[in-house]
Engineer: 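First the structure, then my questions, so here it is.
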Amino acid sequence: MKYTTRKSAILLLSDGTIFHGKSIGISGTTFGEVCFNTGMTGYQEIFTDPSYYGQIMVATNAHIGNYGVNDKEVESESIKISGLVCKNFSFNYSREDATGSLEEYFTKQNLICISDVDTRGLVSYIRDNGAMNSVICTDDTPIEELKAALAKVPDMKGLELASKVSTKEPYYFGDENAKYKISALDLGIKTNILRNLAKRDCYIKVFPYDSKYSELASFNPDGFFLSNGPGDPEPLVSSIEVAKEILANDKPLFGICLGHQVIGLANGISTYKMFNGHRGINHPVKNVITGKGEITSQNHGFAVNKEELDNHPEMEITHLHLNDGTVAGMRLKNKNCFSVQYHPEASPGPHDSSYLFDQFVENLKK
């Protein structure tokens, strides 16, 4: 057994609280909103999910890295989290089809990580005090200097981040001879969403976040999709306008996560920043239309206003989060439009919600 000495590192929260740990070997500082994910597996999918852009991720699972990484298990072309906080970081891995170690993966993309942290204490603290900005430091920068830099980091409320992760140019996904054509607005789209649509005989053209309705409509699609993504939905004025025009033209529309929030805003339903968001692969949701329960994968720090949705004459709630009663899904009564706050494409994780893609395709047929 080879023993190595690792440098001390800290996680500094914006309220001045400090958690101590060890660097995995990448020197520097990184800033972001600290949040936690309760998933027991799927760390590579989490790290590459564009919805996590600008966030420092705390892993509640005790072991991270133990099954390495696989080049095919990504939700985007690069790591999107700002940094990682964990208890035990596995430098070795044991999965036969892994293509490398997590340490090599982080080193290649220069992701700063602090391990050996009391993650139970940290998660408990975040749960009680709310999500807040933070900094991981592994290079001995003085505390006062870190505090000054951290004070300048903008709050997630009001922050537009879709532009940081959206495609710069339109691109296609799937079989061009597929039965259905979909125009997708990329606010931070996950690759597995595209896979789920493609395997249901859809050919997708993915457009940049600031594309106009006329551009999406020029593909002559059978339906439209608004993707997941990071940040506050309220600054996405152009995306909200696109959703309004899709509905005004009475076209089929499906939204996930940030896309769900954009659809809410397009219909006059406000959104708000949650004290702590939902992040994990074990969140219970009830489909209030069918009465069935679903175990879902979720990743969001904003939500639509339930009271306003209850009082909206043309909209109705379709899904509720069973832990806190927040809105997990909705639809328009007079339009071919529905959306969910969670991730039916999640993999690895539960597949209870994959029927939503089938429902969208059925709406295209109508």
Side-chain angles (χ1 to χ4, degrees), residues 1-49 52 54-69 79-95 98 100-147 149-150 153 276 279-282:
M1 178 71 73
K2 180 183 177 182
Y3 292 91
T4 58
T5 301
R6 291 191 286 136
K7 285 187 63 176
S8 294
I10 65 166
L11 172 72
L12 170 66
L13 305 184
S14 59
D15 66 359
T17 305
I18 296 176
F19 286 83
H20 295 271
K22 299 287 186 181
S23 168
I24 69 159
I26 300 169
S27 182
T29 59
T30 186
F31 298 83
E33 183 185 66
V34 67
C35 62
F36 58 89
N37 187 294
T38 58
M40 298 296 287
T41 185
Y43 53 75
Q44 190 178 359
E45 288 87 346
I46 292 168
F47 301 159
T48 57
D49 180 351
Y52 281 121
Q55 294 178 314
I56 288 176
M57 176 55 55
V58 181
T60 62
N61 188 21
H63 301 279
I64 295 297
N66 52 316
Y67 59 83
V69 296
I79 292 174
K80 292 299 188 294
I81 60 171
S82 296
L84 175 67
V85 183
C86 63
K87 176 62 177 173
N88 299 319
F89 187 92
S90 297
F91 291 87
N92 299 312
Y93 60 93
S94 57
R95 187 170 54 151
S101 71
L102 189 58
E103 178 192 15
E104 295 167 341
Y105 193 60
F106 281 5
T107 301
K108 184 178 179 180
Q109 301 194 42
N110 197 36
L111 186 92
I112 294 170
C113 171
I114 178 174
S115 67
D116 297 80
V117 174
D118 177 9
T119 49
R120 275 183 158 185
L122 174 57
V123 169
S124 179
Y125 190 85
I126 299 170
R127 181 195 62 201
D128 294 341
N129 294 276
M132 65 185 80
N133 286 335
S134 62
V135 55
I136 298 174
C137 176
T138 63
D139 63 1
D140 300 321
T141 300
I143 296 293
E144 293 307 314
E145 190 175 323
L146 291 174
K147 287 182 177 179
L150 184 55
V153 177
N276 271 308
R279 298 176 179 91
I281 59 174
N282 56 352

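From a predicted model like this one, the values you see are computed outputs, not experimental measurements. As a basis for the values below, the full set of heavy atoms in this structure was taken, side chains included, without hydrogen atoms, waters or symmetry mates.
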Engineer: Who are the side-chain contact (heavy atoms from CB on, under 4.5 Å) partners of Gln109, not counting sequence neighbours?
Structural biologist: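 Result, side-chain contact (heavy atoms from CB on, under 4.5 Å) vs Gln109: Ser78, Ile79, Tyr105.
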Engineer: Enumerate the residue pairs fulfilling side chain to side chain donor-acceptor pair (under 3.5 Å) with a member in residues 82-94, sequence neighbours excluded, ordered by first and then second residue.
Structural biologist: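 Of all non-adjacent pairs touching residues 82-94, none passes side chain to side chain donor-acceptor pair (under 3.5 Å).
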Engineer: Pairs in or reaching into residues 17-26: which pass salt bridge (charged side-chain N to carboxylate O under 4.0 Å, His left out), with residues at least two apart or in two chains?
Structural biologist: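 Qualifying pairs: none.
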Engineer: What distance do Thr41 atom OG1 and Ile46 atom CD1 have between them, rounded to the nearest 0.5 Å?
Structural biologist: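 Atom-to-atom, Thr41:OG1 and Ile46:CD1 are 8.5 Å apart.
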Engineer: Holding to side-chain hydrogen bond (donor to acceptor under 3.5 Å, both in side chains), I want the full list of residues that pass it with Thr107, two or more places apart in sequence or in another chain.
Structural biologist: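 By the side-chain hydrogen bond (donor to acceptor under 3.5 Å, both in side chains) rule, Thr107 matches no residue at all.
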Engineer: When rounded to the nearest 0.5 angstrom, what is the spacing between SG in Cys113 and CD1 in Ile56?
Structural biologist: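 The CD1 atom of Ile56 is 11.0 Å from SG of Cys113, to the nearest 0.5 Å.
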Engineer: side-chain contact (heavy atoms from CB on, under 4.5 Å) with Ala149: which residues, sequence neighbours excluded?
Structural biologist: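 Result, side-chain contact (heavy atoms from CB on, under 4.5 Å) vs Ala149: Phe31.
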Engineer: Partners of Lys108 by side-chain contact (heavy atoms from CB on, under 4.5 Å), sequence neighbours excluded?
Structural biologist: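 Result, side-chain contact (heavy atoms from CB on, under 4.5 Å) vs Lys108: none returned.
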Engineer: Starting at SG of Cys86, measure out to CE of Met57 and round the result to the nearest 0.5 Å.
Structural biologist: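 CE of Met57 is found 12.0 Å from SG of Cys86.
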Engineer: Write down the atom of Leu84, the atom of Ala59, and the distance for their closest heavy-atom approach.
Structural biologist: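 Minimum heavy-atom contact is CD1-CB, 4.4 Å.
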Engineer: Test: salt bridge (charged side-chain N to carboxylate O under 4.0 Å, His left out). Region: residues 27-38. Which pairs qualify, not counting sequence neighbours?
Structural biologist: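 Sorted pair list: Glu33-Lys273.
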Engineer: Quick one: ring-ring contact (aromatic ring centres under 6.0 Å, His included) partners of Tyr52, sequence neighbours excluded?
Structural biologist: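 So Tyr52 forms no ring-ring contact (aromatic ring centres under 6.0 Å, His included) with any residue.
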Engineer: Show every salt bridge (charged side-chain N to carboxylate O under 4.0 Å, His left out) that has at least one partner inside residues 116-140, sequence neighbours left out.
Structural biologist: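 Residue pairs with at least one partner in residues 116-140: Arg6-Asp116, Lys7-Asp140.
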Engineer: Could you tell me which non-hydrogen atom of Leu111 sits nearest to which non-hydrogen atom of Ile81, and how far apart they are?
Structural biologist: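 For Leu111 versus Ile81, the nearest heavy atoms are CD1-O, 3.3 Å.
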Engineer: Are Ile10 and His20 packed together at the side-chain level, in the sense that at least one heavy-atom pair is separated by less than 4.5 angstrom?
Structural biologist: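 Yes, at least one pair of side-chain atoms sits under 4.5 Å.
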Engineer: Quick one: salt bridge (charged side-chain N to carboxylate O under 4.0 Å, His left out) pairs with a partner in residues 59-69, sequence neighbours left out?
Structural biologist: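 Passing the test, one end in residues 59-69: no pairs.
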Engineer: Take Leu11 and Val117, measure what side chain to side chain contact (heavy atoms under 4.5 Å, CB included) needs, and give me the verdict at the end.
Structural biologist: CA-CA 9 Å; Leu11 172 72; Val117 174; 5.7 Å; no
Engineer: Looking at Gly121 and Phe19, what are the two nearest heavy atoms and their distance?
Structural biologist: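 Heavy atoms only, the tightest pair is C-CE2, 4.0 Å.
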Engineer: Phe106 vs Val69, test: side chain to side chain contact (heavy atoms under 4.5 Å, CB included). Steps then yes/no.
Structural biologist: CA-CA 10 Å; Phe106 281 5; Val69 296; over 6 Å; no
Engineer: Between the main-chain N or O of Thr38 and the side-chain N or O of Asn282, is there a donor-acceptor pair closer than 3.5 Å?
Structural biologist: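 Not a single qualifying donor-acceptor pair exists.
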Engineer: Please report the closest heavy-atom contact between Leu13 and Val34, naming both atoms and the distance.
Structural biologist: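 Minimum heavy-atom separation between Leu13 and Val34: CD2-CG1, 4.0 Å.
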Engineer: Starting from the C-alpha separation in whole Å, work towards a yes-or-no answer on side chain to side chain contact (heavy atoms under 4.5 Å, CB included) for Gln44 and Tyr67.
Structural biologist: CA-CA 10 Å; Gln44 190 178 359; Tyr67 59 83; 5.7 Å; no
Engineer: So, for Phe91 and Ile24, which heavy atoms are closest and what is the spacing to 0.1 Å?
Structural biologist: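 Residues Phe91 and Ile24, closest heavy atoms: CE2-O, 3.7 Å.
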Engineer: What distance do Leu146 atom CG and Thr141 atom OG1 have between them, rounded to the nearest 0.5 Å?
Structural biologist: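 Between Leu146 CG and Thr141 OG1, I get 5.0 Å after rounding to 0.5 Å.
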Engineer: Working note: Phe36 + Leu122, criterion side chain to side chain contact (heavy atoms under 4.5 Å, CB included); need CA distance, chi angles, decisive distance, verdict.
Structural biologist: CA-CA 9 Å; Phe36 58 89; Leu122 174 57; over 6 Å; no
Engineer: Donor-acceptor pairs under 3.5 angstrom involving side-chain atoms of residues 129-138: please list them, not counting sequence neighbours.
Structural biologist:
from	atom 1	to	atom 2	distance (Å)
Asn129	ND2	Tyr125	O	2.9
Asn133	ND2	Val153	O	3.3
Asn133	ND2	Pro154	O	3.3
Ser134	OG	Gly32	O	3.2
Thr138	OG1	Ile26	O	2.8
Thr138	OG1	Gly28	N	2.9
Thr138	OG1	Gly28	O	3.1

Engineer: Taking atom CG of Asn61 and atom OG1 of Thr119, what is their separation to the nearest 0.5 Å?
Structural biologist: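 Going from CG on Asn61 over to OG1 on Thr119, the span is 9.0 Å.
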Engineer: At their closest point, which heavy atom of Ile112 faces which heavy atom of Thr29, and how far apart are they?
Structural biologist: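 Of all heavy-atom pairs spanning Ile112 and Thr29, the closest is CD1-N, 3.4 Å.
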Engineer: Using only atom types and a distance under 3.5 Å, with no angle test, would you say the side chain of Glu145 pairs donor to acceptor with the backbone of Pro142?
Structural biologist: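 It does not hold such a pair.
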